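Every chain is numbered from 1, with letters handed out A, B, ... down the list of sequences. Quantities reported herein were computed from a predicted structural model and do not represent experimental measurements.
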4 protein chains.
Amino acid sequence: MGRKQSFTETELLDVTKRLILEHGYDGFHLKLLSQHLSGARSTIYQYYSNKEEIVAACMKRVISQIMQNASSIDETDAMSALQQLLHVYMEESKLHQLLGDASKIKTQNVKALEDLAFVEQAHSFLKVQLSRLFEQAQKEGKLREDLPLPVLIGTFFNLINTPNLMNVPTQQWSSLLFQIWIGGSKR
Amino acid sequence: MGRKQSFTETELLDVTKRLILEHGYDGFHLKLLSQHLSGARSTIYQYYSNKEEIVAACMKRVISQIMQNASSIDETDAMSALQQLLHVYMEESKLHQLLGDASKIKTQNVKALEDLAFVEQAHSFLKVQLSRLFEQAQKEGKLREDLPLPVLIGTFFNLINTPNLMNVPTQQWSSLLFQIWIGGSKR
Amino acid sequence: MGRKQSFTETELLDVTKRLILEHGYDGFHLKLLSQHLSGARSTIYQYYSNKEEIVAACMKRVISQIMQNASSIDETDAMSALQQLLHVYMEESKLHQLLGDASKIKTQNVKALEDLAFVEQAHSFLKVQLSRLFEQAQKEGKLREDLPLPVLIGTFFNLINTPNLMNVPTQQWSSLLFQIWIGGSKR
Amino acid sequence: MGRKQSFTETELLDVTKRLILEHGYDGFHLKLLSQHLSGARSTIYQYYSNKEEIVAACMKRVISQIMQNASSIDETDAMSALQQLLHVYMEESKLHQLLGDASKIKTQNVKALEDLAFVEQAHSFLKVQLSRLFEQAQKEGKLREDLPLPVLIGTFFNLINTPNLMNVPTQQWSSLLFQIWIGGSKR
DNA sequence: AATGAATGAGCTTTCATTCAT
DNA sequence: AATGAATGAAAGCTCATTCAT
């Protein structure tokens with residue numbers, strides 16, 4: 001019954017994600033959002049009761065997807081798993097930037113808080129997985145041992161931010177970066 | 001003699017920089033700025049005629065400093081110059097983030113536009129310098145040749161974003177990252 | 001046969017009355033109303049075409065009830081009639097408060113205007129009845145004559161607002177107040 | 001320094017009081033308020049950070065005035081003190097109505113909460129004073145003893161709501177009501 | 001007939017900018 | 001020159017009412 005919806009929840013969250021990445025949390029307005037959707041601004045409030053809820057839901061969806069992909073990786077071979085993991089991260093390379101805004105959300109709203117708590121948990125799940133794989137790889141003698149693990153992890157994770165100026169396809173790009181990370185830049 | 005000056009232009013720009021990095025361009029307000037200065041909000045207009053001018057001036061100052069440091073590097077030995085350059089960048093590791101916001105400034109204001117043009121030029125000066133050093137290094141046989149230069153440059157430049165989780169002092173940190181970048185992570 | 005009616009008109013008006021008394025005219029929303037009914041907000045418009053109509057109908061129903069009770073009182077003995085009348089008023093002690101909001105309703109709506117006119121008339125019927133009984137009582141020598149009737153009427157009518165802090169049952173409460181009104185508070 | 005204010009805080013609170021009494025808490029808008037002041041709506045926010053703060057400050061001012069008047073009454077003779085007290089209340093006969101809205105203010109705002117706490121305290125101070133005077137009067141044998149004190153207090157306090165249809169000047173009106181309350185309405 | 005969805009009008013609040021002392 | 005005060009534009013949000021299934 002009732003009319004048919006003018007935009008789906010998925011559309012809404014997709015557009016939200018794009019706009020937050022483009023304009024940052026503070027630059028993201030519901031007016032802006034509605035301009036990129038088919039309906040009126042007030043219609044959005046039928047689905048989410050305020051801005052925070054929208055952003056939180058958006059972040060949850062993004063990290064959920066990543067966590068799902070990350071947890072389906074076969075971890076038998078640590079190095080191979082790391083390479084796959086890099087690819088997973090790469091596909092959401094703006095993840096970090098997006099989640100960086102999470103701390104700006106100050107809200108009492110229960111739904112938003114729940115979503116943010118989920119994001120938090122997913123975040124630490126991913127960290128744990130990464131540490132686990134690194135330890136495993138180091139045990140297998142695949143990684144240099146003259147450096148503290150956090151430093152290696154940091155450089156690995158930071159790869160996702162590398163600007164892909166030549167627009168190499170994601171799969172190749174992630175594999176390329178992995179090779180550089182492993183072997184270094186010197187001849 | 002007039003009243004005592006309530007804050008200097010330098011203070012103003014320093015605080016601006018900090019606040020933009022903390023809150024992002026859209027999260028940066030003149031109200032916020034004045035709260036972190038000793039005078040009244042309206043006094044800011046004695047120095048700059050609007051928000052965009054302030055931000056542009058701030059960016060100009062930051063990149064000027066970098067450019068000055070970068071251009072005083074002795075480029076005789078390419079690899080050594082690159083390491084020094086990394087350190088210069090590192091000291092303003094948030095540069096990228098800051099300049100990323102430059103594109104958000106839409107203004108007609110002449111002064112702001114001039115400052116932004118300067119930023120633009122400095123930006124390309126730095127890129128040229130970087131390319132020059134990379135080519136030199138490659139000619140000297142110091143860098144692998146199986147990869148296009150832009151990819152190497154990208155990974156090099158991206159080093160500055162690596163999160164320094166263990167708070168290693170900047171000088172050591174930049175040198176550490178440079179070693180990893182050169183030699184890779186494998187044993 | 002159509003769908004089952006989700007709420008009756010009586011339910012609607014009862015809830016309306018309760019909510020207006022609780023939240024005042026301006027604090028009364030159709031959203032609030034629908035939350036206290038079983039159906040959807042839009043269903044309300046099957047019964048009444050707007051908010052004003054609902055409130056007007058509600059007021060009409062309340063004052064109708066009172067007028068009916070008030071007009072069935074045996075007026076042979078003025079003082080006894082007054083006591084009974086007080087009881088009638090008391091049962092709708094919030095009447096005054098409710099009707100006070102009537103003046104806030106600005107509408108062109110015919111149905112609402114008709115209902116408000118009815119309320120007006122009933123109001124004056126009650127005033128007339130009250131005056132009649134007071135005159136009668138005064139003639140019978142039951143009331144002091146050193147005071148203008150309107151003053152006595154005012155104090156009488158105002159009795160219904162007396163806060164019943166000890167929650168005495170209505171019947172006793174109205175009779176108690178009547179005694180005080182008659183005899184005063186002095187020893 | 002700075003411009004001169006377009007309205008004083010006193011004006012603001014006076015108008016607020018009038019409008020709340022006229023329209024109730026929910027019917028009171030800042031737009032309405034600004035329409036009854038000389039400046040723009042946003043100017044109000046220079047003095048109070050939101051609606052709740054304004055209303056709370058208004059209530060505080062009203063009850064402060066009353067409390068001050070009430071506490072300067074000479075309580076040596078209980079009955080005389082009561083009559084004076086009635087007059088004090090009468091001058092702010094809408095007090096009750098105004099304070100009734102206090103419970104509608106749900107806020108986290110510290111300033112508003114402090115003002116509301118003050119209102120609460122003043123309220124209970126007044127109740128205590130009233131009870132004290134009633135007990136004193138009863139001891140002096142001035143009041144009937146066949147009724148519980150709360151009932152007498154309730155009828156006394158309720159006097160202030162009596163509609164003054166003939167617009168008797170306040171001083172006379174309060175004294176008139178007091179006589180009726182003491183002596184009753186019977187001949 | 002009942003209702004889920006859409007929407008514009010209107011209120012609250014914030015902030016860049018201007019004014020006047 | 002410095003600043004307290006004023007203000008309009010724009011964002012956030014709510015609600016009465018209408019639409020279309």
[X] [atom1] to [N] [atom2]: how many Å, rounded?
| X | N | atom1 | atom2 | value |
| --- | --- | --- | --- | --- |
| A:Ile44 | F:dA11 | CD1 | C1' | 12 Å |
| A:Ile54 | F:dA11 | CD1 | C1' | 13 Å |
| D:Tyr48 | E:dT12 | OH | C1' | 18 Å |
| C:Asp26 | E:dC11 | CG | P | 11 Å |

When all nucleic acid strands are considered with a 4.0 Å heavy-atom cut-off, which category describes D:Tyr47: base, sugar-phosphate, or nothing?
-> sugar-phosphate
Below 4.5 Å, heavy atoms only, C-beta onward: do [X] and [Y] meet side chain to side chain?
| X | Y | answer |
| --- | --- | --- |
| D:Leu30 | D:Leu33 | yes |
| C:Val62 | C:Leu98 | yes |
| C:Tyr47 | C:Ile54 | no |
| B:Val15 | B:Phe7 | no |
| A:Arg18 | A:Asp14 | no |

Residues two or more places apart in sequence or in another chain: which of them pass salt bridge (Lys or Arg N to Asp or Glu O under 4.0 Å) with C:Lys94?
-> none
OP1 or OP2 of F:dA5 under 4.0 Å from side-chain N/O of D:Thr43 = no
Would you call D:Glu9 and D:Arg61 a salt bridge, taking side-chain N to carboxylate O under 4.0 Å as the test?
-> no
Residues of residues 102-116 of chain C with any non-hydrogen atom less than 4.0 angstrom from an atom of DNA chain E: list those, numerically ordered, please.
-> none
Where are the stems of DNA chain F, defined as at least 3 consecutive Watson-Crick or wobble G-U pairs with both distances under 3.5 Å?
->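 Correct response: E:2-21 with F:2-21.
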Contact residues, residues 5-25 of chain D to DNA chain F [heavy atom, < 4.0 Å] |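 DNA chain F contact set from residues 5-25 of chain D: D:Gln5, D:Ser6.
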Sugar-phosphate or base contact per nucleotide [nucleotides 14-21 of chain E; S, B, -; heavy atom under 4.0 Å] | BSBBBBSB
Is the side chain of [X] donor-acceptor paired with the backbone N or O of [Y] at a distance under 3.5 Å, no angle test?
| X | Y | result |
| --- | --- | --- |
| C:Ser38 | C:Ser6 | yes |
| C:Gln97 | C:Leu21 | yes |
| B:Lys31 | B:Phe28 | no |
| D:Glu11 | D:Thr8 | yes |
| B:Lys104 | A:His23 | yes |

Pairs under 3.5 angstrom only: tabulate donor-acceptor contacts from the side chains of residues 109-116 of chain B to other protein residues two or more places apart or in another chain.
unit_1: B:Asn109; atom_1: OD1; unit_2: B:Lys111; atom_2: N; d: 3.0
unit_1: B:Asn109; atom_1: OD1; unit_2: B:Ala112; atom_2: N; d: 2.9
unit_1: B:Asn109; atom_1: ND2; unit_2: B:Glu53; atom_2: OE2; d: 2.8

